[in-house]
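Position 1 is the first residue of the sequence; numbering continues from there. Predicted model only: the values in this text are computed from it and were never measured.
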Amino acid sequence: MKQKAIIVQQNDFGGAGTVLIGVCKRVDPDLESYVNSSLPKFNIEAAAASLRSSIRYWPDNTVFVSVVDPGVGTDRKASVAKLTTGGYIVTPDNGTLTLQMEDGLISEIREIDQNVNRLQNSGESDIFHGRDVFAYCAARLAAGIIDFEGVGPAYPIEEIVTFQKTYGAVNENGANGVIAEIMHPFGNLETNIRVSDFEKSGIQEGTEVQICLQKDGEVKFDQKVLYHKSFGYAQPGQEIFYNSCNGYMGLGLNKASFASQYGIDDSGDWTISVRRI
């Protein structure tokens, strides 16, 4: 008997995770479904980054559900992307698939036929597609009730909606970039400076760098910071610049929240410069 796929869901809903699992269990009680509902609200780029960092760690046939959907109920497509690894991503086609497109992981995409793949008696509301469309369709796919062709009509992968992804600039004196995300609940900052790029600067772990954070041109932080491989090399409450687990440079405090300490918020528009001392 073919093993049913695992369903891994991520969203910005907060406390609605048990409802999504319930939808999957009503489709098939034997389905395994796991939910992370703590993504930053309305942040499609954060959803894309979270998918990139998690896909590689799950079995190849996993069905991923990603719902950060500010355009819920509008004419944006509800879609299922087929991955070259054999799994699927069930998501609004609103930019969430940008990094999988960049990585060459998407082989096909289909628009969900909501006449077939929508939770029964849910048509009176169009504000909770995460429950009524995405979780439900993912469960039918994972359970083998439908195959990929049963999702709905195909459309060209070239039509997938993407956003412009930018990366920090690195030279022998340091790097410039932006704060891409606050890593809750610890309050660490993740930049758009790739570890692989920063290593080319030649700056050595165990040394200090000068880090400046600005918002709208106003300096909010400008200090010497230890650059090292992990938090334990800094004293409790001390700043540290490090290689994060997602492939980007990070900035944090040991055993404390950098974001809370220095008033860094999720509003975007934060820039970072890192300079060799």
Side-chain angles (χ1 to χ4, degrees), residues 7-17 19-24 26-27 33 35-52 54-55 63-83 88-102 105-142 146 148-166 180-181 266-269:
I7 302 172
V8 177
Q9 305 193 55
Q10 63 171 31
N11 57 65
D12 60 351
F13 302 160
V19 171
L20 304 175
I21 293 172
V23 168
C24 295
R26 285 182 68 88
V27 171
S33 181
V35 180
N36 168 20
S37 293
S38 62
L39 293 182
K41 293 188 184 305
F42 316 122
N43 192 328
I44 294 167
E45 293 190 20
S50 179
L51 272 177
R52 173 184 264 175
S54 63
I55 283 174
V63 178
F64 296 91
V65 182
S66 181
V67 186
V68 174
D69 194 13
V72 63
T74 68
D75 60 359
R76 61 91 186 97
K77 288 185 173 71
S79 67
V80 179
K82 185 176 183 179
L83 299 173
Y88 302 94
I89 302 174
V90 185
T91 185
D93 185 2
N94 60 2
T96 298
L97 297 170
T98 296
L99 302 184
Q100 284 63 56
M101 285 288 287
E102 183 178 280
L105 287 179
I106 297 177
S107 60
E108 299 178 62
I109 190 162
R110 290 178 176 270
E111 184 173 5
I112 297 172
D113 181 352
Q114 296 187 36
N115 292 318
V116 178
N117 296 308
R118 180 172 179 141
L119 187 66
Q120 189 175 8
N121 298 322
S122 68
E124 67 277 6
S125 173
D126 270 315
I127 66 168
F128 202 172
H129 284 185
R131 176 195 66 195
D132 300 336
V133 179
F134 298 112
Y136 182 73
C137 182
R140 285 166 60 80
L141 190 60
I146 58 171
F148 184 54
E149 289 70 24
V151 166
Y155 62 98
I157 62 173
E158 293 78 15
E159 294 180 7
I160 291 174
V161 175
T162 59
F163 55 77
Q164 184 66 40
K165 178 67 176 177
T166 59
E181 185 178 355
D266 284 308
S267 63
D269 301 323

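R26 is not listed as a side-chain neighbour of L119, based on a closest heavy-atom distance of 4.5 Å or more. Two residues are said to be in side-chain contact when any heavy atoms from C-beta on lie closer than 4.5 Å; V8 and S54 fail this criterion. The side-chain heavy atoms of C24 and Q9, taken from C-beta on, include a pair separated by under 4.5 Å. Proximity of S79 to T91: side-chain heavy atoms (C-beta onward) are separated by under 4.5 Å at one or more points. I55 places a side-chain heavy atom less than 4.5 Å from the side chain of I89.
Applying the side-chain hydrogen bond (donor to acceptor under 3.5 Å, both in side chains) test to pairs two or more places apart or on separate chains, those with a residue in residues 65-75 are Q10-S66, D69-R76. The list of salt bridge (charged side-chain N to carboxylate O under 4.0 Å, His left out) pairs with a residue in residues 120-141, not counting sequence neighbours, reads R118-D126.
No more than 12 heavy-atom neighbours from other residues, nucleotides or ligands sit within 6.0 angstrom of CD on Q120. For F163, the CZ atom sits in a packed shell: over 12 heavy atoms of surrounding residues, nucleotides or ligands are nearer than 6.0 Å.
Applying the salt bridge (Lys or Arg N to Asp or Glu O under 4.0 Å) criterion to E102, with sequence neighbours excluded, gives R52.
Between the side chain of N94 and the main chain of V72, no donor-acceptor pair closer than 3.5 Å is present. Put simply, the side chain of R110 gets close to the backbone of G152: a donor and an acceptor are under 3.5 Å apart. With hydrogens and angles disregarded, a donor-acceptor distance shorter than 3.5 Å links the side chain of K41 to the backbone of D12. Listed for the N11 side chain is no donor-acceptor partner under 3.5 Å among the backbone atoms of V67. For the pair S37 (side chain) and A16 (backbone), a donor-acceptor distance under 3.5 Å is absent.
Here the closest non-hydrogen pair linking V63 and A138 is CG1-CB, 3.7 Å.
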Worked verdict on V90 versus I112 for side-chain contact (heavy atoms from CB on, under 4.5 Å): CA-CA 9 Å; V90 185; I112 297 172; 4.0 Å; yes
